[in-house]
Amino acid sequence: MNKKKRLAILGSTGSIGTQALEVVAAHPGLFEVEILSAHSNAALLIEQARKFKPNAVVVTDESQYQKVKEALAPTQAKVFAGMAALTDVVQWETVDTVLGAIVGFAGLHSILAAIEAGKTIALANKETLVVAGELVMRRAAEKGVRIIPVDSEHSAIFQCLTGEDAAKVEKIMLTASGGPFLGRKTNYLVNVKASHALQHPNWTMGAKITIDSATLMNKGLEMIEAKWLFGLRNEQIEVVIHPQSILHSFVQFVDGSIKAQMGLPDMKLPIQYALAYPVRLPNDFKRFSFRDFTKLSFDQPDYKTFRNLALAQEAMEKGGNLPCVMNAANEVVVHAFLGNKVGFLEMSEMIEKTMEKVPFVAAPTLADCEHSDHEARAYAAELVKNGQLSVY
Ligand code: NDP
Ligand code: MG
């Protein structure tokens, strides 16, 4: 019973990855790092490998391989390069749990490989379920693999469902802080720059999800993530604006009773919960006090101003490859917005145009998802290049 959980931490240099390593460091008797992966941040990956002594390190940006290999030569770590190596090492027998904390579509294949090998999945990479949720959940069920959410809202729902009959869920309510532009209208948003959008009021996260939070695309992705994770119908999923980010989501049951999970906004809590599941571990994270939050408020989202949320709802309802197409377009326009190449409002326009353009596939295979992803990226990149969409 005192065997340590051996972890593969994919995306270890990111916001979730580094916080996961803090959780691991706080519980040396419980966790052991077997694999670390990063894309191009060689310096941090090397530092992490020296500290956590994994058996293998994968750097997916192959141009960084030599640097990492040389630096880790005196250690026991085997160093690999590229995505194919990553999908291979996650299947090693010495891995128990895989934390998927890569950002974007790039996280999909390693998670699928881990599912094939029967690994327990702690899933932060919501895009995996957005682009191929049906396939991923079906394969996980066939393999008897448990997917434990890391996303705070989904961790909340997962925790609320513990001990409950999933068939007795009437609906879920996903809370959204509303991001830095809550209450703003298009006349303001037309001028905002990436530097504004990167200032999230409650959470410190990677750049992509921070922009997604500002546009509400993050909540749209999370609706689709919840649909697949918890096997919900579209009409069972609701979004509620809750600017304080204390209630992390609600589940309403068939008798009208509502359970919610609460806590200060700190991703280390859902990360720890997912890694340690089913054990609830003690920690010294800062505690919530009612004295600091005498008012908790709730409101409706503004679907007209934050059109990404409406687009995601549409993608969820139409299904097929549409969420995959939307996700790809979103990744492209967010990257362009971060580089000040498109405006805040143009992002939704370009996503919508891409969703209209790429042919619909009702029941996509994995190959269809990959194809749709490529097509959508190419089309969205073209829109960014031409940059002539703004109607505001
Ligand atoms: P970051 O951008 O901070 O980190 C992303 C990680 O993925 C880094 O380790 C990065 O490596 C790696 N990576 C990036 N691109 C690739 C690629 N093409 N192939 C392989 N690895 C890659 O992101 P976050 O930690 O913020 O988010 C990770 C995931 O977790 C996202 O899906 C996000 O939606 C989700 N999530 C995040 C939350 C948060 O609080 N941050 C909350 C809930 C969900 P490198 O550093 O070398 O570039
Ligand atoms: Mg979330």
Side-chain angles (χ1 to χ4, degrees), residues 8-22 35-49 57-65 67-68 80-87 89-90 99-111 121-131 149-158 174-179 198 200 202-213 216-226 229 239 242 245 247-249 261 265-271 274 327 330-331 334-335 338 373 377:
I9 301 191
L10 314 186
S12 65
T13 50
S15 162
I16 294 290
T18 51
Q19 293 180 82
L21 287 174
E22 284 181 46
I35 288 161
L36 291 174
S37 97
H39 189 55
S40 54
N41 190 346
L44 182 54
L45 184 62
I46 291 164
E47 187 188 318
Q48 291 176 338
V57 163
V58 182
V59 52
T60 42
D61 175 353
E62 304 194 11
S63 71
Q64 299 300 310
Y65 171 71
K67 184 173 173 190
V68 178
F80 301 97
M83 192 48 83
L86 189 60
T87 56
V89 299
V90 294
L99 172 66
I102 288 174
V103 59
F105 185 99
L108 173 66
H109 286 95
S110 45
I111 293 299
I121 310 288
L123 189 65
N125 176 259
K126 63 193 81 182
E127 294 91 344
T128 286
L129 291 176
V130 173
V131 302
V150 169
D151 212 349
S152 57
E153 297 77 0
H154 305 73
S155 176
I157 293 164
F158 189 87
L174 288 172
T175 52
S177 70
L198 285 169
H200 196 282
N202 304 343
W203 302 94
T204 308
M205 311 176 284
K208 192 259 182 184
I209 183 174
T210 305
I211 302 303
D212 285 346
S213 298
L216 292 200
M217 178 55 92
N218 183 49
K219 214 47 54 180
L221 299 175
E222 289 183 355
M223 291 171 80
I224 302 169
E225 179 186 16
L229 266 177
V239 171
H242 169 48
S245 298
L247 275 86
H248 298 307
S249 282
Q261 184 261 342
D266 179 352
M267 283 308 296
K268 286 206 293 296
L269 182 51
I271 292 168
N327 176 73
N330 183 57
E331 289 192 29
V334 168
H335 183 73
L338 284 167
D373 177 76
R377 274 171 206 274

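All ligand and atom numbering here is 1-based and tracks the order in the structure.
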Is there side-chain contact between [X] and [Y], with heavy atoms separated by less than 4.5 Å?
| X | Y | value |
| --- | --- | --- |
| V57 | Q48 | no |
| V239 | E222 | no |
| T175 | S249 | yes |

Inset, instruction - Check each protein residue for a heavy atom under 4.0 Å from ligand 1 and list those that pass, ordered by chain and number. - result: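 Residues near ligand 1: G11, S12, T13, G14, S15, I16, A38, H39, S40, N41, T60, M83, A101, I102, V103, A106, A124, N125, K126, E127, D151, M205, G206, I209, M267.
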
Legend entry - S155 (side chain) donor-acceptor with D151 (main chain) under 3.5 angstrom: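 Absent.
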
Legend entry - For the student: nearest non-hydrogen atoms of A274 and P149, plus distance: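 The pair with the smallest heavy-atom distance is CB-O, 3.8 Å.
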
Inset, instruction - Taking atom types as modelled, find out whether N41 and T13 have a side-chain donor-acceptor pair closer than 3.5 angstrom. - result: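 Distance-only check fails for N41 and T13.
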
Legend entry - T128: which of I102, I111, N327 passes side-chain contact (heavy atoms from CB on, under 4.5 Å):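 Checked I102, I111, N327 against T128; only one passes side-chain contact (heavy atoms from CB on, under 4.5 Å): I111.
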
Legend entry - Protein-derived N, O or S atoms lying under 2.8 Å from the Mg ion (ligand 2), waters excluded: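 My tally for this metal is 3.
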
Inset, instruction - Determine the sole option in H200, H242, K219 for which the side-chain hydrogen bond (donor to acceptor under 3.5 Å, both in side chains) test with S177 is passed. - result: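 Of the listed residues H200, H242, K219, the side-chain hydrogen bond (donor to acceptor under 3.5 Å, both in side chains) partner of S177 is H200.
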
Legend entry - Residues K208, E127: salt bridge by 4.0 Å N-O rule: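 Salt bridge between K208 and E127, a charged N being under 4.0 Å from a carboxylate O: yes.
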
